[in-house]
Colleague: 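What follows is a single structure, and I will ask about it in a moment.
Values in this document were obtained by computation on a predicted structure and should not be read as measured data. As the structure lists them, so they are numbered: ligands from 1, and atoms in each ligand from 1.
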Amino acid sequence: MNLLVNIDHVATLRNARGEGYPDPIEAAKVCEEAGAAGIVFHLRGDRRHIRDADVFRLKDHVRGKLDFEMAATDEMLDICIEVQPHLCTLVPEGREELTTEGGLKMESVFDDFNSRVIPRLKDSGIEISLFLDPNPEDIRLAHKLGVDAIELHTGTFANAPDGKKQHELTRLRKGAALINELGMKANAGHGLNLENLPDLLETIPNLNEVSIGHALISKSLFWGMEKTVKAYLEIIEDFYGS
Ligand code: PXP
């Protein structure tokens, strides 16, 4: 099971002062040297953190897996296909949201994805993942599109009060089992941190990748990035082995 680090918020900090630092590409290098299997970035339509030049530099410098998270606009498809990351994770994107607020609603995007989005990505050979809530109906529709992976949205679990966490974990476990049963890879991400990751990994024994950003970058301010990445890897090794 792989740890992919989302380095968007290194760019958020850089953009706060309009200087060239901290550099998200330097952060990606440190994460990979500490043992992360790859790097995720989200190029948003409003370019609030990662910018186009970052994307091309990440492509040049990331040695492991590169996951390009994006909304399925024609503009993003053009950039993604030019960059050729290993994986493209499609997410819903709202201009006013602080972060991605939920998974894709498959019923409303199905026809557009089927005719415009998925064929372009498939032709380019880029692996495709869809960010979904753990609803069986959404997962089955995603499977009909022939995608390689589903990233389960773990934000609802992460934000649930203690009494509701178990319910959310059960939904995620069942979702991951269905994804595997249908022959796709199950990834997970959003809101994961050092405290809630053990519960998730204990519950879901068949995850392929976790994508972790905000909590990891925040902890790195106090612990340093190398130590923080290694702390996440230790948790993963406890459940999945090295
Ligand atoms: N996965 C997806 C699809 C996301 O949109 C995000 C947030 O950009 C993450 C994972 C990482 O979430 P977090 O920053 O809360 O760890």
Side-chain angles (χ1 to χ4, degrees), residues 1-13 15 24 27-28 31 36-51 54-55 58 65-73 76 80 85-106 109 127-134 138-139 142 147-160 168 172 175-176 179 185-197 199-201 204 207-221 225 228-229 231-232 235-236:
M1 211 274 287
N2 289 329
L3 170 67
L4 303 188
V5 178
N6 178 317
I7 43 76
D8 292 349
H9 294 305
V10 177
T12 303
L13 189 56
N15 299 352
C31 291
I39 300 299
V40 191
F41 64 88
H42 183 173
L43 183 66
R44 283 185 166 267
D46 62 10
R47 309 303 198 268
R48 69 174 70 159
H49 36 57
I50 294 294
R51 296 171 176 162
D54 297 325
V55 173
L58 283 164
K65 190 160 188 172
L66 188 62
D67 178 4
F68 190 147
E69 195 188 307
M70 59 183 231
T73 60
M76 287 302 150
C80 183
H86 300 99
L87 178 66
C88 172
T89 300
L90 296 169
V91 300
E93 195 174 293
R95 197 157 269 277
E96 301 303 325
E97 69 189 5
L98 289 177
T99 180
T100 316
E101 282 173 353
L104 292 159
K105 304 295 171 240
M106 286 311 298
V109 301
E127 200 179 312
I128 308 166
S129 176
L130 303 185
F131 186 54
L132 300 183
D133 294 304
D138 284 319
I139 293 169
V147 300
D148 306 281
I150 306 278
E151 182 179 329
L152 286 170
H153 176 227
T154 49
T156 311
F157 150 67
N159 293 328
E168 291 304 326
L172 289 164
I179 291 166
K185 293 179 205 163
N187 300 333
H190 213 280
L192 296 176
N193 58 37
L194 290 169
E195 286 71 42
N196 61 26
L197 185 61
D199 289 340
L200 182 81
L201 300 191
I204 310 182
L207 281 178
N208 173 59
E209 269 161 17
V210 284
S211 160
I212 307 183
H214 186 253
L216 189 155
I217 302 299
S218 303
K219 185 62 95 181
S220 299
L221 290 175
M225 200 157 243
T228 307
V229 169
Y232 278 90
I235 295 175
I236 292 171

Colleague: Working note: L200 + L192, criterion side chain to side chain contact (heavy atoms under 4.5 Å, CB included); need CA distance, chi angles, decisive distance, verdict.
Modeller: CA-CA 9 Å; L200 182 81; L192 296 176; 4.0 Å; yes
Colleague: Enumerate the atoms of ligand 1 whose separation from the nearest heavy atom of V91 is less than 4.0 angstrom.
Modeller: 3 (C)
Colleague: Can you pull out the closest protein heavy atom to atom 16 (O) of ligand 1? Residue, atom name and distance to 0.1 Å, please.
Modeller: G213 N, 2.8 Å
Colleague: Mind telling me whether H9 and H214 have parallel, tilted or perpendicular rings, with 30° and 60° as the class edges?
Modeller: perpendicular
Colleague: Give me the nearest non-hydrogen protein atom to atom 1 (N) of ligand 1 as residue plus atom name, then the distance to 0.1 Å.
Modeller: E151 OE2, 2.5 Å
Colleague: When you compare the side chain of I179 with that of L132, does any pair of heavy atoms fall below 4.5 Å?
Modeller: no
Colleague: Looking only at heavy atoms, what is the nearest atom pair of L152 and G175, with distance?
Modeller: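 What the structure gives for the nearest pair is CD1-C, 4.2 Å.
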Colleague: Below 3.5 angstrom, do we get any N/O pair linking A215 and ligand 1?
Modeller: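 By distance alone, the answer is no.
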Colleague: Ignoring angles and geometry beyond distance, decide whether H9 reaches within less than 3.5 Å of ligand 1 through its nitrogen or oxygen atoms.
Modeller: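 No, H9 has no N/O under 3.5 Å of an N/O on ligand 1.
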Colleague: Between D46 and R44, is there a salt bridge with N-O shorter than 4.0 Å?
Modeller: no
Colleague: Which of parallel (below 30°), tilted (30 to 60°) and perpendicular (above 60°) describes F41 and F68?
Modeller: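 Because their plane-to-plane angle lies in the 30° to 60° range, the rings of F41 and F68 count as tilted.
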Colleague: Are any of the N or O atoms of E69 closer than 3.5 Å to those of ligand 1?
Modeller: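 For ligand 1, there is an N or O atom that lies under 3.5 Å from one belonging to E69.
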Colleague: Counting each atom of ligand 1 from 1 as listed, which ones have a heavy atom of N6 under 4.0 Å away?
Modeller: 8 (O)
Colleague: In terms of residue, atom name and distance, what is the protein heavy atom nearest to atom 6 (C) of ligand 1?
Modeller: H190 CD2, 3.5 Å
Colleague: Is the shortest N/O to N/O distance between T89 and ligand 1 below 3.5 Å?
Modeller: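 The answer is no, given that T89 and ligand 1 share no N or O pair closer than 3.5 Å.
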Colleague: If we only count N/O pairs under 3.5 Å, is G191 in contact with ligand 1?
Modeller: yes
Colleague: Distance under 4.0 Å to a non-hydrogen atom of I212: what atoms of ligand 1 satisfy this?
Modeller: 16 (O)
Colleague: May I ask you to test the M76-E93 pair for a side-chain heavy-atom distance under 4.5 Å?
Modeller: no
Colleague: With a 4.5 Å cut-off on side-chain heavy atoms, are L90 and V147 touching?
Modeller: no
Colleague: Among protein heavy atoms, which sits nearest to atom 14 (O) of ligand 1, and what does the distance come to when rounded to 0.1 Å?
Modeller: H214 N, 2.8 Å
